[in-house]
Amino acid sequence: MYTSKSSFHHALAVSNIKNHVPITLEMENVQYSTWAELFKIHARSHRVIDHIIPPVARTEKQPQQEEDKELWSTLDATVLQWLYATISHDLLHTILEPDTMTMEAWNRLRDIFQDNKHSRAITLEYDFTLVDMADFPNVSTYCQHLKSLADQLKNVGSLVTNDRLVLQLVSGLTEPYQGMATLIRQRDPLPQFYQAHSMLTFEEAGRVKKAAQSSSAVLVARSSEGPTDVPNNSSSHRHNSGGKRHHNRNNNGGRSRCSHDSHGGGREAGNSSRGCTRQHSTAQHSP
């Protein structure tokens with residue numbers, strides 16, 4: 001019990017229970033056993049465990065001093081606040097009743113998650129055997145989901161042994177991890193689940209690193225090749241210049257012939273000159 005020498009208890013100094021119990025208990029995502037274990041650890045470390053679990057040798061005698069009674073009531077309200085702060089709104093409205101003691105609320109939650117054990121076990125067993133890594137973004141998420149299902153089965157009285165959990169883990173691996181799956185299966189005895197999880201995590205990290213290096217090598221190779229389809233401006237310029245010179249030679253050649261013919265002597269030269277002049281005139285007036 002509490003001493004009357006001081007009305008302060010270090011459990012009253014806890015400002016945020018979620019720092020100690022980071023799981024929010026929900027009806028949809030059943031993690032009762034994990035939540036309950038974290039809550040009991042925190043309550044035990046702050047010496048208020050008897051507010052949710054009666055001691056083995058419980059005495060029915062109430063504290064005789066008013067100061068002890070007041071401290072007990074204050075601490076019970078504090079632990080009840082911890083409990084309410086770590087469950088979902090749906091569960092809160094389900095168990096909330098006026099003047100509830102912490103132990104009463106604790107027992108209501110236990111009854112909610114431990115009722116209909118056989119029906120819950122059948123559903124959880126079905127989900128557990130169908131878990132496939134292809135449905136998850138990475139190894140850690142896949143392993144965490146398997147462990148969560150195993151914890152929920154334990155909560156309804158269906159204990160999942162380590163060997164079964166590890167074998168289910170490797171049976172759901174995708175094709176790239178089949179080599180690691182064979183390595184884990186061949187171990188005798190089978191590794192602990194956390195060890196298998198670690199092995200798969202390292203394998204995944206190696207694959208990600210290798211893929212990143214291959215991608216970088218491809219980018220470097222492409223950048224070193226340089227552009228191959230850019231037209232050569234200097235060649236195009238020379239080609240255009242050559243075309244212009246060729247065009248000018250043709251024009252100059254025509255004028256040269258006319259000029260050369262006009263300098264010829266006699267009638268032929270005159271006729272030739274007049275014929276050339278008529279050709280130029282006709283070309284200028286033609287539509």
Side-chain angles (χ1 to χ4, degrees), residues 1-124 147-162:
M1 297 305 297
Y2 311 114
T3 175
S4 60
K5 295 180 180 179
S6 175
S7 61
F8 179 78
H9 194 280
H10 61 277
L12 301 175
V14 177
S15 59
N16 189 354
I17 183 61
K18 291 188 176 180
N19 291 334
H20 307 277
V21 185
I23 294 177
T24 299
L25 183 62
E26 299 175 337
M27 184 68 75
E28 296 78 11
N29 186 18
V30 183
Q31 292 182 313
Y32 174 76
S33 60
T34 304
W35 172 86
E37 185 63 25
L38 291 175
F39 199 95
K40 287 187 291 185
I41 291 173
H42 180 69
R44 190 175 293 111
S45 68
H46 286 77
R47 299 181 182 178
V48 289
I49 188 66
D50 52 344
H51 284 266
I52 58 176
I53 299 176
V56 177
R58 183 186 176 101
T59 176
E60 297 298 333
K61 294 181 179 180
Q62 297 296 326
Q64 295 181 355
Q65 299 186 18
E66 290 297 328
E67 188 176 356
D68 289 341
K69 291 181 180 179
E70 183 178 355
L71 181 57
W72 171 274
S73 179
T74 301
L75 287 173
D76 195 74
T78 299
V79 179
L80 187 60
Q81 285 181 331
W82 294 351
L83 188 148
Y84 286 159
T86 55
I87 63 177
S88 68
H89 292 290
D90 291 339
L91 284 175
L92 175 61
H93 291 302
T94 300
I95 68 171
L96 184 62
E97 290 185 8
D99 301 324
T100 299
M101 302 295 289
T102 304
M103 194 173 298
E104 294 174 339
W106 178 268
N107 292 336
R108 288 170 193 163
L109 286 174
R110 181 195 59 197
D111 293 339
I112 289 174
F113 288 98
Q114 292 187 345
D115 281 346
N116 303 318
K117 287 185 177 181
H118 297 296
S119 298
R120 288 178 179 271
I122 292 173
T123 303
L124 291 170
K147 184 62 167 57
S148 175
L149 290 174
D151 291 341
Q152 294 177 51
L153 283 167
K154 178 182 178 181
N155 183 53
V156 294
S158 297
L159 180 63
V160 177
T161 63
N162 177 76

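Everything numeric in this text was worked out from a predicted model, so none of it was measured. The analysis underlying the following values was restricted to heavy atoms, covering all of them including side chains, and did not include hydrogens, waters or symmetry mates.
Here Lys40 pairs with Glu37 under the salt bridge (Lys or Arg N to Asp or Glu O under 4.0 Å) rule; sequence neighbours left out. Every residue meeting the side chain to side chain contact (heavy atoms under 4.5 Å, CB included) condition with Asp111, not counting sequence neighbours, appears here in chain and number order: Asp115. With sequence neighbours excluded, the residues forming a side chain to side chain contact (heavy atoms under 4.5 Å, CB included) with Lys117 are Gln114, Val156, listed by chain and number.
Ring geometry for Trp82 against Phe39 counts as perpendicular: the plane angle is over 60°, on a 0 to 90° scale with 30° as the lower cut. Ring pair His20/His46 is perpendicular by interplanar angle, where above 60° counts as perpendicular and below 30° as parallel.
Between Leu91 and Met27, the closest side-chain pair of non-hydrogen atoms falls below 4.5 Å. Side chains of Ile23 and Tyr32 form no contact here, defined as non-hydrogen atoms less than 4.5 Å apart. Put simply, the side chain of Ile52 reaches to within 4.5 Å of the side chain of Ile49, judged on heavy atoms. Under the 4.5 Å side-chain criterion, counting only non-hydrogen atoms from C-beta, Leu109 is in contact with Ile87.
Side chains of Glu70 and Thr74: no donor on one and acceptor on the other come within 3.5 Å.
Residue pairs meeting the salt bridge (charged side-chain N to carboxylate O under 4.0 Å, His left out) criterion with at least one member in residues 148-161, sequence neighbours excluded: Lys147-Asp151. Residue pairs meeting the side chain to side chain donor-acceptor pair (under 3.5 Å) criterion with at least one member in residues 86-95, sequence neighbours excluded: Trp35-Thr86.
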Please tabulate, for side-chain N and O atoms in residues 95-102, each donor-acceptor pair with protein atoms closer than 3.5 Å (sequence neighbours left out).
| from | atom 1 | to | atom 2 | distance (Å) |
| --- | --- | --- | --- | --- |
| Glu97 | OE1 | Arg108 | NH2 | 3.1 |
| Thr100 | OG1 | Glu97 | O | 2.6 |
| Thr100 | OG1 | Arg108 | NH1 | 3.4 |
| Thr102 | OG1 | Asp76 | O | 2.6 |
| Thr102 | OG1 | Asp76 | OD1 | 3.2 |
| Thr102 | OG1 | Asp76 | OD2 | 3.3 |
| Thr102 | OG1 | Leu80 | N | 3.4 |

